[in-house]
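In what follows, a structure is listed as structure tokens, so that the remarks can point back to it.
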Amino acid sequence: MELNDGNLQTLTEFLRKTLDPDPAVRRPAEKFLESVEGNQNYPLLLLTLLEKSQDNVIRVCAAVTFKNYIKRNWRIVEDEPNKVSNPDRTAIKANIINLMLTSPEQIQKQLSDAISIIGREDFPQKWPDLLTEMVTRFRSGDFHIINGVLRTAHSLFKRYRHEFKSNELWTEIKLVLDTFAPPLTELFKATIDLCQTHATDVNALKVLFSSLILICKLFYSLNFQDLPEFFEDNMETWMTNFHALLTLDNKLLQTDDEEEAGLLELLKSQICDNAALYAQKYDEEFQPYLPSFVTAIWSLLVSTGQEVKYDLLVSNAIQFLASVCERTHYKQLFEDQNTLTSICEKVIVPNMEFRSADEEAFEDNSEEYIRRDLEGSDIDTRRRAACDLVRGLCKFFEEPVTAIFSGYVNSMLTEYAKNPGQNWKHKDAAIYLVTSLASKGQTQKHGITQANQLVNLNEFFVNHILTDLKSPNVNEFPVLKADAIKYVMIFRSQLPKEHLLQAVPLLINHLQAESTVEHTYAAHALERLFTMRGPSNTTLISPAEMAPFTEQLLTNLFKALALPGSAENEYIMKAIMRSFSLLQDSIVPYIPTLIAQLTHKLLLVSKNPSKPHFNHYLFESLCLSIRITCKANPATVGSFEDALFPVFTEILQNDVQEFLPYVFQPVLWERTGNIPPLVRLLQAFLEKGASSISSSAADKIPGLLGVFQKLIASKANDHQGFYLINSIIEYMPPEPIIQYRKQIFILLFQRLQSSKTTKFIKSFLVFVNLYCVKYGAIALQEIFDDIQPKMFGMVLEKIIIPEIQKVSGTIEKKICAVGITKVLTECPAMMDTEYTKLWAPLLQALIGLFELPEDDSVPDDEHFIDIEDTPGYQTAFSQLAFAGKKEHDPIGEAVGNPKILLAQSLHKLSTACPGRVPSMLSTSLNAEGLQFLQGYFQVANVQLV
């Protein structure tokens, strides 16, 4: 493609079409751009447009398209063609810095991201002058340019927070520190001086404080891996100024906006993070500064208002105290009873209060409120930080802290009793305090599993929770009703069965509440109670015990779907599905009415499917209706066909992509007896012809993955789905399936959520570790955290560590051992992020896999029900994990003895970070584990550094 006006005009037209809401216009334009992006000069045309186009929309669109092009194509993959021509690469690197620094902020951000992507691949070897080119711009005095440099540097260096220690990384960081740290420090001091010079010029202050925020973020990144000598030598400069900025209060920078954090708040938040980093990692060097920071942050906390704009600041400040109080080193700072009382009174209690902003969210933004409160996305909220501080203090001071808070809880409840209408928020805070104090360990499946023995949960339930649940007016004090329902839900494993049975009809009644949060919590609580298992592994609450409430339960659940804001409420639909599963034959009399309501709902949501979880539970409920009814009366098949086929036909005719997997199930795969031979046939095609499939039949890959999706949805056939996906991962070249990898894991996580059987877990563990062996530990961690932040840690903590002992079979164990070894020794995030705490438990689990007998127990199967009714189905795991061929070892001779591989890998890790591994082992591994490990080192003839 030549760099000429004609091509610029054509590109402009197609970029404009990609913004068209009409898919008939947009999709062909996207396809055209994909088809030409391999041509030389294509990226340079985009850069020309974003620089010179007269249309600002086109400029921004060109910038975004350019960044995405770089993201997809810049990396050079071994044995694959270079997707960006060398002249284009040279021209881009020659022009992009200057272009980024002279562009408007909206475009500057996109180009800054593009530079960081290029820098990740090319800096320092292939782009040695990048830093010097950036640093020279500090002298420009133009803070638009300086902030552009700082933003790009932040984008480039923030990966140091997660990278694995290696010689290459140290070399790069040393180069960055030598080139960047001195001018950054000088810029930091100069910017602070300019803030004093321009103390009365609000516009200048805004620009300068934006710079300070970026400088503080860069400080965090450059200090994350280790304490650099330069920053240790200049600690006085940085810490003194950080402390001064923490205590600074410039009236001009205070904003009237109560919602959005201002520059001052964002700066102080980042400084709290920086102080926490030093307190946690470099406590000896930071020791002289710690008391003054504790005082400053304490003072900040007691003087900061309750407005939403301060939430991040207060949350980070409390998290700083939480991280300090948990460390034995600083224990003495908190030992005094007056200090503990003061923290409880001035920091924890005020930040647990239910504010008017929380009340607004409860009433007007219920979906977001539920997401934060129920699903744990409240990581940066005041309440969550205060709760973490309570748990941190309880580590060393459980008794005095519990005693102090018990007094507060009693006085709050007394205040509430004096005038409930006026003082209901006191009771809300009391319930939250009790929950924070009592909760020591928690799982999604069981709620609170470990409780503070000093808190009497049953007594509190009878005296304070039951009264709200029994209140005849479900619409009075909806926040307290939601609190009471949540209390039952999270302490369900601690409360006796009679209390739970007492709660069931009350919860059914709360399904009628007008408040979206209240009736959603009621549905969720019922769904959780219905999954609980009793001593004989049957459901804790039996269908017989539910008999008196069955009609009311079904009526209220379906009525709740008609309440404003809940037409597609996934918690209600999940509760419907779980109720069907629990009640079984008891629902048969109600099916004619229920099926009509379900199919009507299906028709409505098919017009514009927007809630995938809701849709999934809807189909599960339909399947259960069919299975339960047809089992009781096979003659009803015809009436189901009459009810469902018209809806399915409409979905097919309208090409509703989201629903096709549910509706259109190929007949050949419907017969159970066909599945094993069909899967073996596909595996054979993959083993012998994966490269041919990827090069000349790539359009068949979605079909293969469709078969996998169908099979893993079935309890009876999920292992066959794993056979297929394992073969795809083992034999297919990476390129054709890159775009599908994330979706594969999402499907597996959905199934894990919905139906966590022992068989599925074993197969899942082998697949995850095979993926790790094939693509590397970093790729595994990144794909999990891309699906949901911190997902990698959740999978390790909730699935791999507790369940790995269940894997059986020599080859399956070998795959898991090699995969876990890679996670332990080749994944940077395991060494220097919050995942570090999982390193030792994961190693302990791996040693257990080697040395302990297989755990062949079958835990309760708590989530979704299977769609099929397969009478001969056995949960025993008989060589199900890999490819269906017992003799095939995907790792082969590359690893003979996984124990020796572990020893060698730990040795290599310890040479990369001397002293760290022995320290982690000696503090966190039990004696027996250490003994086994020593044996592996001896056999491998290596030792730790």
Please determine whether ring-ring contact (aromatic ring centres under 6.0 Å, His included) holds for the pair Phe157 and Tyr160, giving the CA-CA distance in whole Å, both sets of side-chain angles, and the decisive distance to 0.1 Å.
CA-CA 6 Å; Phe157 304 151; Tyr160 298 159; 5.6 Å; yes
Mind running side chain to side chain donor-acceptor pair (under 3.5 Å) on Asn274 and Gln270 for me, showing each step along the way?
CA-CA 6 Å; Asn274 294 354; Gln270 185 58 50; 3.0 Å; yes
Could you go step by step and tell me if Phe792 and Tyr835 meet the ring-ring contact (aromatic ring centres under 6.0 Å, His included) rule?
CA-CA 8 Å; Phe792 182 63; Tyr835 297 154; 5.4 Å; yes
Test side-chain contact (heavy atoms from CB on, under 4.5 Å) on Leu227 and Lys281 and set out the steps.
CA-CA 8 Å; Leu227 179 56; Lys281 295 186 79 166; over 6 Å; no
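We find that Asp832 and Arg916 are joined by a salt bridge, their nearest charged nitrogen and carboxylate oxygen being less than 4.0 Å apart. Classification of Lys395 and Glu326 as a salt-bridged pair fails, no side-chain N sitting under 4.0 Å from a carboxylate O. Between Lys790 and Asp785, none of the side-chain N atoms (NZ, or NE/NH1/NH2) sits under 4.0 Å from a carboxylate O, so this pair counts as no salt bridge.
Taking the six-membered ring for Trp, Phe231 and Phe219 have ring centres closer than 6.0 Å. Taking the ring centroids of Tyr220 and Phe224, they lie under the 6.0 Å cut-off. In summary, the aromatic rings of Phe784 and Phe745 are positioned with their centroids under 6.0 Å apart. The six-membered or imidazole ring of Phe242 lies away from that of Phe293, with a centre-to-centre distance of 6.0 Å or more.
Donor-acceptor pairing under 3.5 Å is lacking for the side chains of Glu232 and Tyr282. No hydrogens or angles considered: a donor-acceptor pair under 3.5 Å links the side chains of Tyr278 and Asn223. Between the side chains of Asp283 and Gln287, no donor-acceptor pair is found at a separation under 3.5 Å.
Sparse packing is recorded around CG of Asn941, with 12 or fewer heavy atoms of other residues, nucleotides or ligands lying under 6.0 Å away.
When atom types are taken as modelled, the side chain of His907 and the backbone of Val942 share no donor-acceptor pair closer than 3.5 angstrom. The backbone N or O of Ser808 lies less than 3.5 Å from no partner atom in the side chain of Lys813, so there is not a single donor-acceptor pair. For the pair Thr836 (side chain) and Met831 (backbone), a donor-acceptor distance under 3.5 Å is present. Here the side chain of Glu797 pairs no donor or acceptor atom with the backbone of Leu838 at under 3.5 angstrom. Between the side chain of Lys814 and the backbone N or O of Val895 there is at least one donor-acceptor pair closer than 3.5 Å. Under a 3.5 Å cut-off, the side chain of Thr339 and the backbone N or O of Glu335 do not form any donor-acceptor pair. A donor-acceptor pair under 3.5 Å is formed between the side chain of Arg492 and the backbone N or O of Met489.
Among residues two or more places apart in sequence or in another chain, the salt bridge (Lys or Arg N to Asp or Glu O under 4.0 Å) test is passed with Glu851 by Lys899. Partners of Glu163 by salt bridge (Lys or Arg N to Asp or Glu O under 4.0 Å), not counting sequence neighbours, listed by chain and number: Arg159.
Identified under the side-chain hydrogen bond (donor to acceptor under 3.5 Å, both in side chains) test for residues 919-931, with sequence neighbours left out: Gln844-Asn926.
A heavy-atom distance below 4.5 Å is not found between the side chains of Asn769 and Val818.
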